[in-house]
Participant: 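Sharing a structure below in C-alpha cells format, with a few things to ask.
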Amino acid sequence: MEQQEQNIGGVPPTSNKEKWLKGLTIAGYACSGLTVVGFIVLVCAVVGDWSKAVEIITLPIVFFSLLMSVAGIAASLIGKRWLLAGGGCGCLVLTLIIGFLAAILVGVGQHHPPKRLDLDTCIGEVEEWDTCMVVNENWDPEEQN
C-alpha cells in the first residue's frame, strides 16, 4: 500500500480526512472573526440598552465560535500543518484579548451607567419641590430679573 504524501500548498485534498481537516481549519479562522463581531454586538447591546434578546442570542454564538476556533487549531495540528496551527493560536489569543477589552467596556458601562434626566432631576408635582431640593427662603425670583 502506498503512503500518501502530505498535501502541499494549492494541491486539492485527495481524501475525505484531508477535506474535513482543511474545512475545520478554515472554519476555525472564520469563527475567530465571528467571535470578534459577536463581542462588538454584545458591547453595543449592553451600552445601547438594546433588547435582552440580542444578548441572549449573541452570547451562545460567541461561545460556540470560540469552540470552533479551538477545533480549527486541533484540525491543523492533526493535519500536521504547524504554521496554520501557530497562526490559529495567535488568532485565538488576539480574539481573547479583544473579548477581555469588551468585558472591561461592559463593566465600565455598568459601573457608570448613563444618567437619565427624568430620574436624576426633580421634575414633578409642585408638592414635591420641598423634598427634592433645599430651598433658599430668602430667594426671590423677581430680584433675578
Participant: Please examine the side chains of Phe39 and Leu101, heavy atoms only from C-beta on, and report whether any two atoms are closer than 4.5 Å.
Facilitator: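 A side-chain contact is absent here, since even the closest heavy-atom pair is not under 4.5 Å.
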
Participant: Looking only at heavy atoms, what is the nearest atom pair of Leu77 and Ala85, with distance?
Facilitator: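 Smallest heavy-atom distance, with atoms named: CD2-CB, 3.5 Å.
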
Participant: Report yes if some heavy atom in the side chain of Ser65 is under 4.5 Å from a heavy atom in the side chain of Ile61; otherwise report no.
Facilitator: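 A side-chain contact under 4.5 Å exists here.
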
Participant: How far does CD1 of Ile104 sit from CZ of Phe100, to the nearest 0.5 angstrom?
Facilitator: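 One finds 4.0 Å between CD1 of Ile104 and CZ of Phe100.
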
Participant: Closest approach of Thr25 and Ala75, non-hydrogen atoms and distance?
Facilitator: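 Closest heavy-atom pair between Thr25 and Ala75: OG1-CB, 3.9 Å.
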
Participant: Mind checking what makes side-chain contact (heavy atoms from CB on, under 4.5 Å) contact with Leu59, not counting sequence neighbours?
Facilitator: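 Applying side-chain contact (heavy atoms from CB on, under 4.5 Å) to Leu59 gives Leu42.
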
Participant: Distance from Lys52 atom NZ to Ile57 atom CD1, nearest 0.5 Å?
Facilitator: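 So the gap between those two atoms works out to 13.5 Å.
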
Participant: Side-chain contact, heavy-atom cut-off 4.5 Å: Val41 with Glu55?
Facilitator: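 Val41 vs Glu55: side chains apart.
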
Participant: Quick one: are Leu94 and Val36 in side-chain contact, heavy atoms under 4.5 Å?
Facilitator: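 Heavy-atom side-chain distance check fails, nothing below 4.5 Å.
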
Participant: How long is the straight-line distance from CD1 of Ile26 back to SG of Cys31, given to the nearest 0.5 Å?
Facilitator: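 Those atoms lie 12.0 Å apart.
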
Participant: Do Val62 and Thr58 have side-chain heavy atoms sitting under 4.5 Å apart?
Facilitator: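 In contact.
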
Participant: Sub-3.5 Å donor-acceptor pair from the side chain of Tyr29 to the main-chain atoms of Leu84, do we have one?
Facilitator: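 Yes; at least one donor-acceptor contact below 3.5 Å.
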
Participant: Return the minimal non-hydrogen interatomic distance between Val54 and Ala45, and the atom names on each side.
Facilitator: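 So the two residues come closest at CG1-CB, 3.9 Å.
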
Participant: Holding to side-chain contact (heavy atoms from CB on, under 4.5 Å), I want the full list of residues that pass it with Ser32, two or more places apart in sequence or in another chain.
Facilitator: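 side-chain contact (heavy atoms from CB on, under 4.5 Å) list for Ser32, sorted by chain: Ser69, Cys91, Thr95.
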
Participant: With clusters defined by side-chain heavy atoms of hydrophobic residues (ILVMFWY) lying less than 4.5 Å apart, directly or transitively, does Trp82 cluster with Leu92?
Facilitator: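 In one cluster: yes.
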
Participant: Going by the rule side chain to side chain donor-acceptor pair (under 3.5 Å), which residues pair with Thr35 if we only count those two or more places apart in sequence or in a different chain?
Facilitator: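 With neighbours one apart ignored, the set is empty.
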
Participant: Please determine whether side-chain contact (heavy atoms from CB on, under 4.5 Å) holds for the pair Leu96 and Leu66, giving the CA-CA distance in whole Å, both sets of side-chain angles, and the decisive distance to 0.1 Å.
Facilitator: CA-CA 9 Å; Leu96 292 176; Leu66 281 172; 4.1 Å; yes

Participant: Restricting to non-hydrogen atoms, name the atom on Ala102 and the atom on Val43 that form the minimum distance, rounded to 0.1 Å.
Facilitator: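 For Ala102 versus Val43, the nearest heavy atoms are CB-CG2, 3.5 Å.
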
